[in-house]
Structure formats: structure tokens, C-alpha cells
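Quick notes on the structure that follows.
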Amino acid sequence: MRMSQMLLQTLRETPAEAEIPSHQLLLRAGYIRRIGSGLYAYLPLMWRVLNKISQIIREEMNATGAQECLLPQLQPSELWQESGRWETYTKAEGIMFSVIDRQERQLGLGPTHEEVITAIARDSIRSYRQLPQNLYQIQTKFRDEIRPRFGLMRGREFIMKDAYSFNADAESLKETYSLMAQTYETILRRCGLSFTAVEADSGAIGGSASQEYMVLAETGEDEVLYTEDGKYAANLEKAVSIPPDADPSPFSQYEKRDTPNTPTIATLCKFLGCSPTTVVKNVLYEATYDNGKLVLVLVSIRGDQDVNDVKLTNVLSEMASHYGENALLGLNVPDEQAQKKWAAQALPLGYLAPDLGDDYIQSRKDVEPKFLRLADETVLNLKNFITGSNETGCHVVGANWGDQFTLPDQVVDVREAQARDRAVHDPSQHLKMARGIEVGHIFQLGTKYSQAMGATYTNEQGENVPLHMGCYGIGVSRLAQATVEQCYDDDGIAWPVAIAPYQVIITVPNITDPQQAKIAENLYQDLLNVGMEVLLDDRDERAGVKFKDADLIGIPYRLVTGRSLKEGNVEVVTRADQSSQDIPLEEVVTTLQQWLANK
RNA sequence: CGGGAUGUAGCGCAGUUUGGUAGCGCGCCUGCUUUGGGAGCAGGAUGUCGUAGGUUCAAAUCCUGCCAUCCCGACCA
């Protein structure tokens with residue numbers, strides 16, 4: 001491509017809207033342009049990068065026997081009602097855009113395609129002889145993100161590769177799942193990224209095993225806990241650990257103490273001179289279920305620990321049926337405003353005890369009349385603990401389960417793992433924390449969707465049984481930006497060769513010099529002839545501008561037809577390290593071919 | 001949805017306190033000079049000052065509503 005003919009505008013100044021380096025650079029280098037909040041145009045350079053990534057994905061997916069297809073983005077609400085996700089996706093998490101057509105039909109704009117693909121499988125997979133199957137597509141997804149940010153990292157419209165496998169049983173699913181895990185590593189390695197695979201929570205999508213592929217970067221939105229031996233890595237939401245041991249309680253007698261102005265664990269411990277590990281903290285949540293019922297949840301957890309909302313959400317989702325509900329819509333810590341809706345009297349916040357009376361709850365149809373009391377495992381073995389008294393300004397000390405307080409029936413693990421906790425697989429090791437960008441996520445869905453939607457097949461015994469499903473996603477546009485986040489310097493982007501928009505840029509320092517122009521032109525044709533992707537900077541600009549632009553847009557190799565021509569050489573500069581060498585004109589093409597082949 | 005901020009030329013910003021007919025840098029166009037790391041000089045074009053209403057002789061500036069965008073949080077396969 002001749003740069004004189006290309007629509008490319010590089011910016012000298014950083015647009016104010018961009019916060020992180022990759023977003024700033026993609027804007028400055030003319031790869032993307034913001035059209036609305038979370039909506040971006042992929043300009044010609046960006047589209048080439050995205051296509052390169054897509055191509056690598058295609059090659060690797062096809063190599064596993066997966067088949068590419070393209071599913072509709074507009075999806076009938078009925079499909080989502082069958083799976084039971086219409087409510088959660090349009091109301092609680094509100095992540096799906098929904099539209100109503102002129103026949104008053106409700107449609108969703110696809111944030112993911114489990115429903116569609118399961119409907120297809122239901123119709124076309126009849127026999128075990130057809131299994132396993134793995135279908136994938138690469139296309140735009142829509143999600144009504146509450147707060148889009150960081151350019152392509154969290155957009156409302158983005159490109160994704162999603163694959164769905166159908167297997168006869170759990171074992172076969174595991175095989176496909178681990179094949180996909182290998183394939184993902186190959187894809188990301190080919191893209192030139194350094195990444196980590198971590199255990200993850202499967203969230204609203206459901207299912208059992210799940211792994212995320214994280215590009216480690218300081219600006220990542222996810223937190224990853226890992227051990228240095230490389231044997232354990234997990235998303236913070238999912239991570240497990242051994243909490244620090246509790247200190248012995250300084251109290252041996254049960255009594256109520258005045259503890260004025262100690263609504264937080266920190267102030268309380270300072271006042272009493274005790275360790276937070278001797279305190280039972282009681283956290284109040286309100287859970288909303290899909291029929292509109294509100295359940296108040298009181299979680300007792302050790303004072304030095306925090307509740308992991310994702311783990312708590314999972315516990316509460318499983319309990320939906322206890323309340324005659326299908327799904328948990330939302331979970332939050334009620335503020336004063338929210339409390340007024342159901343509290344019969346003002347709550348002694350900061351001084352709650354595990355036995356907070358149910359009479360604090362107004363008798364209302366849409367509110368469960370009793371607290372759902374949960375104990376985190378960390379409070380199970382505490383002796384002579386300190387906790388609230390349900391009276392502002394007072395705590396009790398020296399309390400014990402079975403004496404002053406009844407241990408809740410439900411003992412659960414809802415504790416958030418922390419950096420420096422001991423590792424479960426090897427308690428001599430401590431967890432470390434890093435930030436990451438989630439570029440891929442694979443799930444073993446099991447029969448959640450096939451069962452809900454009646455996607456069954458006939459097995460060898462002639463029985464109709466539900467298909468076992470897996471799903472496997474890669475954020476293509478996010479991956480592109482994550483790469484920039486990992487590959488840039490003060491001068492701009494430095495793309496890995498495999499996904500760079502062009503492999504080579506020929507810079508003509510002085511376009512008015514006929515010799516320079518002629519040699520550059522010949523070189524351009526020669527490189528094109530051997531199938532290379534080449535930019536020819538034939539713009540009537542000063543050399544400095546061309547060098548700056550070449551660095552900014554990050555083409556891996558730059559050929560300069562300048563002063564080295566006197567010796568019959570072309571200067572070849574490697575973008576990644578700015579190293580430069582003069583190569584005889586007639587050897588340039590073959591040398592570059594070799595370099596690219598070795599990449 | 002809660003907290004904070006911003007909206008003036010393609011981009012970055014000043015001007016708003018104290019109302020008086022819209023400015024700077026970069027970019028863009030023309031000419032001359034320059035030509036290996038975002039050139040110099042001279043000339044030029046570009047704005048419903050986010051939007052609607054109000055106050056006023058007069059509004060980018062003051063008042064009210066609305067909209068949009070960004071940041072923090074909540075939220076987020």
C-alpha cells in the first residue's frame with residue numbers, strides 16, 4: 001500500500017478520552033476512532049490486525065476439526081426464555097440490548113450464542129454417531145456495558161470468536177475442553193503474546209470447569225492470584241487459599257462491653273486491643289430473585305477476611321429453589337435508602353450480631369420474613385470471639401458458638417482469597433497477585449442449556465439423553481488491544497510480526513530524490529512479488545515525520561532508502577529494539593524473507 | 001444507579017470568576033525556503049461556543065432544564 005493513497009491520520013497529541021497506553025496509541029496511530037461510548041470504528045490498519053488474528057484463530061480451530069459458521073445477531077426472546085436467561089440478561093445484569101420489532105416481537109441483540117447454537121443442535125443432532133461436534137464463529141457481539149472503558153477493552157460492541165462443542169458425555173467434553181485449552185495456548189503464542197491460564201468462575205454463563213487466558217498487564221481489570229512454582233493460578237473471584245491462622249482471643253469470659261465509635265473492624269480492634277482474626281464480622285446483603293422476592297442475607301465471617309461477592313452469588317443462586325425462584329437477579333449491600341424499604345426499625349449498623357432479630361424485617365409480601373444466615377468457614381472454629389451486640393456502641397466479647405450464639409445451619413466458603421495467603425496445594429507457598437486482561441475463556445457447560453432447551457440425542461443404548469456442551473471464547477478486538485498494552489515503547493506500538501498490519505514499511509527520506517524514489521519503488525514491487533505485506537511511505541513529507549509515523553504505527557521492519565544507498569546498501573531497522581543494519585540492496589528481499597520465516 | 005468533572009475548529013486547550021461581537025498551539029490549504037527523527041517564514045480557511053429555554057441593550061460567560069462524554073465506585077461469560 002502506498003501511504004500517499006492511504007486514509008491515515010496520526011495524532012501528535014494524545015486524545016483526552018484515552019486513559020491507558022494501548023488505547024492512546026491506537027487512537028494516535030490512526031487504528032481506531034470513537035463513534036460513541038464504547039463504540040469504535042476499526043480503521044484500515046486495525047482491520048488488517050483483526051483479520052490477522054482471526055486468520056490465526058481459524059487455522060488453529062480448523063486444525064482441531066471445528067467448523068466455522070455464522071449465527072444471527074438478532075435473537076428471538078423465546079429462545080432465551082427457554083434457557084431461563086432472558087430475565088437475568090435483560091434485567092438484573094442488564095447486559096443484553098433488547099429491541100421490539102413492528103410486530104411487537106421481542107428480540108435480543110446477541111451478547112453470546114448458547115441459545116441459538118443449542119436450538120440448532122436440538123434440530124440437527126440426533127445420534128451419538130454424529131458426535132462430537134464443535135462449531136465456531138467470529139463476529140460482533142453486543143453488550144450493554146454499564147461503563148464501557150479503555151477503548152476496545154470493554155466496548156459495547158466487540159469482535160469475538162466463540163465456539164460451542166457438543167459431546168456425548170462428560171468425559172468426551174473433557175477431551176474437547178483440553179484440546180481447546182491447548183489450541184488457545186497455540187493461538188495466543190502465535191499472536192506473540194505472553195499470557196497465563198487461570199482457573200475462573202463460570203459466572204452467569206453457568207457450568208462447571210472454566211479457565212481464563214490472561215494477558216498480564218498493569219492496566220488489566222482482573223486480579224490474578226498465583227504461586228511462583230507455576231502450579232496454581234486463579235482469578236481472584238475463583239481463587240482458593242488457606243487463610244492465616246486466627247490469633248487466640250484475649251477474652252475468656254462472655255460479657256458485653258461499651259465500645260463507642262467502633263463501627264468498623266479496624267476501630268473496634270484498636271479500641272479493644274485485639275486481632276481482627278478474633279472478631280466475627282456480620283455483613284448484610286440483599287438478594288433479589290427473579291420473581292421479585294427480596295431475601296436478606298446475613299453473612300458471618302472472620303474480621304480480617306472479606307466476602308467474595310461472586311462466591312456468595314453462586315451460593316445464593318443455588319438456593320433460589322428454596323424460595324420458589326429460578327434465578328438470582330442481583331446482590332448488593334443495602335445502603336440507608338435501600339434499608340428503609342424493608343427495615344422495621346433502624347439497624348444497628350457496625351454492631352450487628354449473628355443473631356440479629358428477624359423482627360427487624362417488615363412483614364411484606366415481597367420480602368422473605370427471616371434472615372438467611374450464612375457462616376463462612378473462617379468463623380467455624382473461633383473461640384471466645386468478639387462480635388456485635390445488636391446495640392449501637394456495644395460489642396460482646398468471649399462469645400462461643402453453641403453458648404451465646406447458634407452457628408448458622410449453612411456453613412459455606414464465601415471468603416475472598418488474598419495475596420500472601422498460603423496456597424492450598426502447598427502451604428509453604430504464598431499467593432502473589434498480578435493484574436491481567438482476560439482475552440480468552442473456556443467453559444465446560446455440561447447439560448445446563450441442552451437440558452433446559454431439550455437438546456438430546458440417542459445414545460448407543462437407544463436412550464434419549466441431553467448433549468454435553470462446552471463453550472470457548474476469545475475476544476478478538478480485545479486481544480488486539482491487549483497486544484499493544486504488552487508491546488509498546490515511548491515511540492509507539494511495536495507489533496509482533498504475526499499480527500502486524502504490514503510486515504515491512506519502506507521509508508523514502510526524500511521523495512524528491514529520483515534515485516531514492518526509484519530504488520524504493522523497485523524494492524516495493526520486489527517485496528510484493530514475494531508475497532510480503534508492504535507499506536511504501538511515498539508521501540511528500542520530511543524524513544522525521546516518516547520515521548515518527550513508522551515507529552508510532554509499529555511496523556516490525558523498516559527499510560530506509562537513504563544515505564546508505566551510496567554504498568549500495570539499504571538500512572533495515574527492527575522496530576522492536578530499534579536495532580539497525582545496512583544490507584546490500586540485492587540481498588534485502590531474501591534477508592527479510594529469512595527473518596520473517598524464522599518468526 | 002451513587003460521587004466527581006468536562007463540553008469552545010479535526011486534535012490539545014485558553015477565554016467563563018468580573019457579560020461587550022471568538023482566541024492559542026498542533027493539524028489543514030497556498031507560496032517560497034528547507035530535506036535523516038513530528039522544519040522555517042509569509043499568507044489563508046475552518047466554530048449554530050453540547051442543546052433548549054430564561055435574564056439582559058448585549059450571553060461562550062449569569063440562571064434553569066435536558067443531552068453527551070470522561071474519571072472513581074457499583075456493575076461486568
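Reminder, nothing fancy here: chain letters follow the sequence lines and each chain counts from 1.
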**Message:** Can you check the distance between B:U16 and B:A60, where both ends of the measurement are the C1' atom (answer in whole Å)?
**Reply:** 7 Å

**Message:** Which nucleotide, if any, forms a Watson-Crick or G-U wobble pair with B:C70, using both distances under 3.5 Å?
**Reply:** B:G4

**Request:** Using the C1' atom as the reference point in each nucleotide, state the distance between B:U8 and B:U51 in Å, no decimals.
**Result:** 14 Å

**Prompt:** For residues 72-81 of chain A, which residue pairs qualify under side-chain hydrogen bond (donor to acceptor under 3.5 Å, both in side chains), counting only residues two or more places apart or in two chains?
**Reply:** A:Gln73-A:Gln139, A:Gln75-A:Trp80, A:Gln75-A:His113

**Request:** Have a look at A:Asp551 and say if it touches a base, only the backbone sugar-phosphate, or nothing, with a 4.0 Å heavy-atom cut-off.
**Result:** base

**Item:** Side chain of A:Ser37 (C-beta onward), nearest among B:C76, B:A74, B:C70
**Value:** B:C70

**Complete:** Comparing nearest nucleotides in RNA chain B, the 5'-proximal residue of the pair A:Leu552, A:Tyr164 is A:Leu552

**Message:** Would you measure the distance from the P atom in B:G23 across to the matching atom in B:G47 and give it in whole Å?
**Reply:** 12 Å

**Prompt:** In terms of side-chain heavy atoms of A:Arg563, which of B:C28, B:U34, B:G36 is nearest?
**Reply:** B:G36

**Asked** Taking atom CD of A:Glu17 and atom CG of A:Leu27, what is their separation to the nearest 0.5 Å?
**Response** 5.0 Å

**Message:** Taking any heavy-atom pair under 4.0 Å as a contact, classify A:Arg28: base, sugar-phosphate, or nothing.
**Reply:** base

**Asked** Can you tell me how far C1' in B:U46 sits from the matching atom in B:G65, rounded to whole Å?
**Response** 32 Å

**Prompt:** What's the CZ-C1' distance between A:Arg156 and B:A68, to the nearest Å?
**Reply:** 11 Å

**Message:** In whole Å, I'd like the distance from the CZ atom of A:Arg154 to the P atom of B:A74.
**Reply:** 12 Å

**Side-chain donor/acceptor of A:Asp538 to backbone N/O of A:Ser4, under 3.5 Å** = yes

**Message:** According to salt bridge (Lys or Arg N to Asp or Glu O under 4.0 Å), who are the partners of A:Lys311, at least two apart in sequence or on a separate chain?
**Reply:** A:Asp413

**Message:** Can you list everything that forms a salt bridge (Lys or Arg N to Asp or Glu O under 4.0 Å) with A:Arg122? Sequence neighbours excluded, please.
**Reply:** A:Glu82

**Request:** Just name whichever nucleotide pairs with B:G12, Watson-Crick or G-U, keeping both distances under 3.5 Å, else none.
**Result:** B:C24

**Item:** Distance in angstrom units between A:Asp537 CG and B:G38 P, rounded
**Value:** 15 Å

**Request:** Using a cut-off of strictly less than 4.0 Å, decide whether A:Arg143 has a side-chain nitrogen or oxygen near OP1 or OP2 of B:C76.
**Result:** no

**Item:** Integer-rounded Å distance: B:G37 C1' and A:Arg558 CZ
**Value:** 8 Å

**Request:** Give one of base, sugar-phosphate or nothing for A:Val333, where a contact means two heavy atoms less than 4.0 Å apart.
**Result:** nothing

**Asked** When you measure from the side chain of A:Arg542, which nucleotide among B:C1, B:C28, B:U35 comes out closest?
**Response** B:U35

**Asked** Taking the C1' atom of each, how far is B:C26 from B:U64, in whole Å?
**Response** 37 Å

**Request:** Look through every strand shown and name the nucleotide pairing with B:A59 as Watson-Crick or G-U wobble, where both distances are under 3.5 Å.
**Result:** none

**Prompt:** Who pairs with A:Arg478 by salt bridge (Lys or Arg N to Asp or Glu O under 4.0 Å), at least two apart in sequence or on another chain?
**Reply:** none

**Message:** From C-beta outward on A:Thr10, which listed nucleotide comes closest to its side chain: B:G38, B:C71, B:U34?
**Reply:** B:G38

**Request:** Kindly state whether the ring of A:Tyr488 and the ring of A:Trp495 have centres lying under 6.0 angstrom apart.
**Result:** no

**Message:** Quick check: any donor-acceptor pair below 3.5 Å linking the side-chain of A:Glu571 to the base of B:G36?
**Reply:** yes

**Atom-pair distance (CZ on A:Phe150; P on B:C76), nearest Å** = 17 Å

**Message:** For the residue pair A:Arg154 and A:Phe150, would you count it as a cation-pi contact if the rule is NZ or CZ under 6.0 angstrom from the ring centre and within 45 degrees of the ring axis?
**Reply:** no

**Asked** Out of B:U35, B:G36, B:A74, which has the shortest distance to the side chain of A:Pro509?
**Response** B:G36

**Message:** Test of understanding: with ring pair (Phe, Tyr, Trp, His ring centres under 6.0 Å), list the residues that count as partners of A:Tyr136, not counting sequence neighbours.
**Reply:** none

**Asked** Applying the side-chain hydrogen bond (donor to acceptor under 3.5 Å, both in side chains) test to A:Tyr40, which of A:Gln481, A:Arg33, A:His23 qualifies?
**Response** A:His23

**Message:** Judged by each residue's nearest nucleotide on RNA chain B, which is more toward the 5′ side, A:Asp162 or A:Gly36?
**Reply:** A:Gly36

**Request:** Report yes if at least one side-chain N or O of A:Arg12 is closer than 4.0 Å to OP1 or OP2 of B:C26; otherwise report no.
**Result:** no

**Request:** Write down the partner of B:C32 under the Watson-Crick or G-U wobble criteria, each distance required to be under 3.5 Å.
**Result:** B:G40

**Request:** Return the nucleotide paired to B:U17: Watson-Crick means purine N1 to pyrimidine N3 with N6-O4 or O6-N4, wobble means G-U with N1-O2 and O6-N3, both under 3.5 Å.
**Result:** none

**Item:** base_contact_polar (B:G38 base, A:Asp549 side chain, donor-acceptor, <3.5 Å)
**Value:** yes

**Prompt:** Rounding to a whole Å, what distance do you find between A:Asp540:CG and B:G36:P?
**Reply:** 13 Å

**Complete:** Regarding the side chain of A:Arg149, the nearest nucleotide among B:G38, B:G36, B:A74 is B:A74

**Item:** Distance in angstrom units between A:Asp490 CG and B:G37 P, rounded
**Value:** 18 Å

**Options B:C75, B:C72, B:G38, nucleotide nearest the side-chain atoms of A:Lys548** = B:G38

**Between B:C70 (P) and A:Glu145 (CD): distance, integer Å** = 13 Å

**Item:** Distance between P atoms of B:U21 and B:G27 (Å, rounded)
**Value:** 30 Å

**Prompt:** When we call it a touch if two heavy atoms are under 4.0 Å apart, what does A:Ile511 touch: a base, just sugar-phosphate, or nothing?
**Reply:** nothing

**Asked** Per the atom types in the model, does the base of B:C75 pair as donor or acceptor with the side chain of A:Arg147 at under 3.5 Å?
**Response** no

**Message:** Is there, by distance only and without an angle test, a donor paired with an acceptor across the side chain of A:Arg34 and the base of B:U69 below 3.5 Å?
**Reply:** no

**Prompt:** How many angstroms lie between SG in A:Cys191 and CD1 in A:Ile53, if you round to the nearest 0.5 Å?
**Reply:** 5.5 Å

**Message:** Using atom C1' in both nucleotides, what's the gap between B:A9 and B:C28 to the nearest angstrom?
**Reply:** 11 Å

**Asked** What is the nucleic acid contact for A:Glu221, judged by heavy atoms within less than 4.0 Å: base, sugar-phosphate only, or nothing?
**Response** nothing

**Inter-nucleotide C1' distance (B:A22, B:C32), Å rounded** = 31 Å

**Complete:** Protein-proximity profile, nucleotides 9-16 of chain B, B/S/- by nucleotide at the 4.0 Å heavy-atom cutoff, equals -SBSS---

